Amino acid sequence: LLKCLRRRGEKKMTAALESTCEETVLKALNEVLNEPTIVKECVDRASFCNQLLTALKNHNSLAVTIAEVFATLGREEYFRSVAAECGVITALTPLLASTRDVRLQALRAVGNLCFDNDLCRKQLMGSDGCPVLAGMARECSVPLPEPLSSRMKCVVCGCLLNACNNNEELCKEMLGLKVETALIELLAREGEDEAVLQMALKALNTLLCSEAVSLDGLVTSPLPKVLSTLLHQLVDQDFDLFDGIHQVLDTLVENENWQVAIVDSHIAEQLLAMANQELQKKALDIIVQLLKNDTCMQKLFDDGHLLSKAVEWLRSDDSLPEVKGSAALVVGNLARTDENCKALVQSGVVPLLIDLVHWKGDEEVGCHPFAH
C-alpha cells in the first residue's frame with residue numbers, strides 16, 4: 001500500500017513538472033526544496049531527473065529554482081549517481097554564463113554533484129565547464145564595478161574544491177588555466193572575510209597537492225607574502241582560518257625551496273608567536289619539518305628566537321605534553337653541528353631535557369619525542 005501511495009505521489013509530481021503552467025511547475029519545485037526526501041522515495045529517480053531537465057529547457061524563468069533543486073539534491077550520494085547518468089552537469093554548464101542569481105545556484109549544483117563523482121567531473125570537462133570556472137575564479141580576484149558577493153566567492157571556491165579534490169585530470173586542467181594564481185590574488189585582496197579566505201585556502205591546497213603543480217615556480221609568486229600577511233592578522237582564536245593556512249603550509253613544506261622561503265618570509269617566526277597551545281601544536285609540526293633542511297635549521301638557530309621559545313616551552317609547567325615533546329624535537333634537530341651543541345649546552349637546555357625524560361605526564365603522548 002505504501003509503495004502504491006508513493007508511486008501515485010511520484011506520478012502527480014512528474015505530471016506537475018511536465019505542465020506548461022509555470023506556476024504549477026514552480027509549486028512542484030518548491031515541494032521538493034521543502035521536502036527533498038520525496039525524490040529519494042521515488043521508484044524511478046532517473047525519470048524525475050529527466051523531468052527536471054525538461055522543465056529547465058521549457059521554462060527559462062525557473063532556471064534559478066531548478067538549479068537550486070539540483071544543488072539541494074546534489075548533497076546526497078544517491079542523486080549524484082542518478083544525475084551523472086542523466087547528464088545533468090552538461091545541462092547546467094551553460095547556466096554558469098547567466099545572471100548572477102542563476103550562476104550562484106548553478107555553481108552550487110555543479111559543486112555538489114561533482115563531489116566525489118568522477119563521471120560528473122568528466123562531464124564538466126567535456127562541456128567546457130573548466131574555462132568558465134577559471135574565469136569566475138578570476139572574477140573573484142579582481143575589482144569589478146559591481147563586486148561579487150562574499151557568498152558567490154565562497155561558492156566559486158567550493159565548486160573548485162569539490163570538482164578538483166583527488167582528481168588529477170581536473171587539477172591539471174585548472175592549473176593550466178592558472179586558477180592557482182587567481183586564488184592567490186583572491187587571498188591577497190580579500191582582507192578580513194574569513195569565510196572566503198577559508199574556502200580559497202582549501203581550494204588552493206587541493207591544487208597544490210596535485211602532481212601537476214610546480215611548487216618551485218610558486219616560490220617567487222606573491223604566495224609567501226600572502227601567507228605571512230594572513231598569519232600576521234590572525235587572531236589566536238581563529239582556529240578554522242589557521243587550519244586552512246596550516247594545510248597549505250603542510251603541503252608546501254615538503255618542498256626544499258619552499259622550506260627556505262617559509263623561513264625567509266618570516267612565516268616561521270609568526271608560527272612561533274602563536275599563543276594558543278592548540279595552535280602551537282600545529283605550528284610546531286611545520287617548524288620541525290623546516291629543521292630537517294640544514295639551511296633552514298642554521299638560519300633558525302642563528303636567529304635565536306626558536307631556541308628561546310623551545311626553552312620557554314620546556315620550562316613552563318603550563319605547556320601541553322605535545323608542545324613539550326615538539327620542543328624536544330626542535331632541540332634535537334638544532335643539535336646537528338658541534339658549534340650548535342656547544343651553544344645548546346650553554347643555554348641551559350640540557351637539565352630541562354633530563355627533567356622531561358623523567359616527567360610523569362600524559363601517557364597517551366608517548367615517549368618517542370621525549371626520548372629524542
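Since we're looking at a predicted model, the values are computed, not measured.
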Heavy-atom side-chain contact between [X] and [Y] under 4.5 Å:
X    : Y    : result
L218 : L208 : yes
E139 : R103 : yes
M274 : F242 : yes
L113 : Q123 : no
I66  : L29  : yes
W258 : V253 : no
Q105 : F70  : no
R121 : E173 : no

Roughly how far apart are [X] [atom1] and [Y] [atom2], rounded to 0.5 Å?
X    : Y    : atom1 : atom2 : value
N117 : L124 : CG    : CG    : 11.5 Å
S214 : L175 : OG    : CG    : 10.0 Å
Q270 : Q233 : CD    : CD    : 10.5 Å
D116 : R80  : CG    : CZ    : 6.5 Å
I262 : C296 : CD1   : SG    : 8.0 Å
S221 : E180 : OG    : CD    : 8.5 Å

Could you tell me if [Y] and [X] have a donor-acceptor pair between their side chains, going purely by distance under 3.5 Å?
X    : Y    : result
T337 : E339 : no
S61  : E22  : yes
Q247 : D243 : yes
E168 : S210 : yes
Q298 : D302 : yes
Q289 : Q259 : no

Please check: side-chain N/O of [X] versus main-chain N/O of [Y], any donor-acceptor pairing under 3.5 Å?
X    : Y    : result
N205 : L201 : no
S228 : P224 : no
T206 : K202 : yes
E190 : L197 : no
D250 : H246 : no
T229 : K225 : yes
R75  : N112 : no
N162 : G111 : yes
R189 : S141 : yes
N340 : L334 : yes

Count the heavy atoms belonging to other residues, nucleotides or ligands that lie under 6.0 Å from [atom1] of [X], then report whether that count exceeds 12.
X    : atom1 : value
D294 : CG    : yes
E256 : CD    : no
H305 : NE2   : yes
K281 : NZ    : yes

Nearest heavy-atom pair of [X] and [Y]: which atoms, and what distance?
X    : Y    : result
V179 : A137 : CG1-CB, 4.4 Å
L320 : Q277 : N-OE1, 2.5 Å
L186 : C140 : CD1-O, 3.3 Å
R100 : E146 : NH2-O, 2.6 Å
L314 : A328 : CD2-N, 4.3 Å
W313 : K324 : O-NZ, 3.6 Å

Hydrophobic cluster membership, with links at side-chain heavy-atom distances under 4.5 Å among I/L/V/M/F/W/Y: are [X] and [Y] in one?
X    : Y    : value
L227 : L272 : yes
F115 : M199 : no
L52  : L56  : yes
V260 : I267 : no
L230 : L161 : no

**OP:** Please report the C-alpha distance between T93 and D128 in whole Å, then the side-chain angles of each, then the deciding distance to 0.1 Å, and finally whether the side chain to side chain contact (heavy atoms under 4.5 Å, CB included) criterion is met.
**Re:** CA-CA 8 Å; T93 302; D128 293 326; 5.8 Å; no
Original post:
Below 4.0 angstrom, N of the basic side chain to O of the carboxylate: do E76 and R45 qualify?
Top reply: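 Judged by the 4.0 Å cut-off on N to carboxylate O distance, E76 and R45 do not form a salt bridge.
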**OP:** Let me see the working for L352 and V331 under side chain to side chain contact (heavy atoms under 4.5 Å, CB included), right down to the final yes or no.
**Re:** CA-CA 11 Å; L352 297 174; V331 174; over 6 Å; no
Original post:
K299: what forms a salt bridge (charged side-chain N to carboxylate O under 4.0 Å, His left out) with it, not counting sequence neighbours?
Top reply: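 Counting only residues at least two positions away or on another chain, K299 forms a salt bridge (charged side-chain N to carboxylate O under 4.0 Å, His left out) with D264.
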**OP:** For side chain to side chain contact (heavy atoms under 4.5 Å, CB included), just list the numbers for L144 and L148, CA-CA rounded to whole Å, side-chain angles, deciding distance to a tenth of an Å, and then say yes or no.
**Re:** CA-CA 8 Å; L144 297 172; L148 296 179; 4.1 Å; yes
**OP:** Quick one: do L291 and L306 satisfy side chain to side chain contact (heavy atoms under 4.5 Å, CB included)? Show the steps, please.
**Re:** CA-CA 11 Å; L291 291 173; L306 176 57; 3.8 Å; yes
**OP:** Among V226, T251, I184, find the one that has a side chain to side chain contact (heavy atoms under 4.5 Å, CB included) with L204.
**Re:** I184
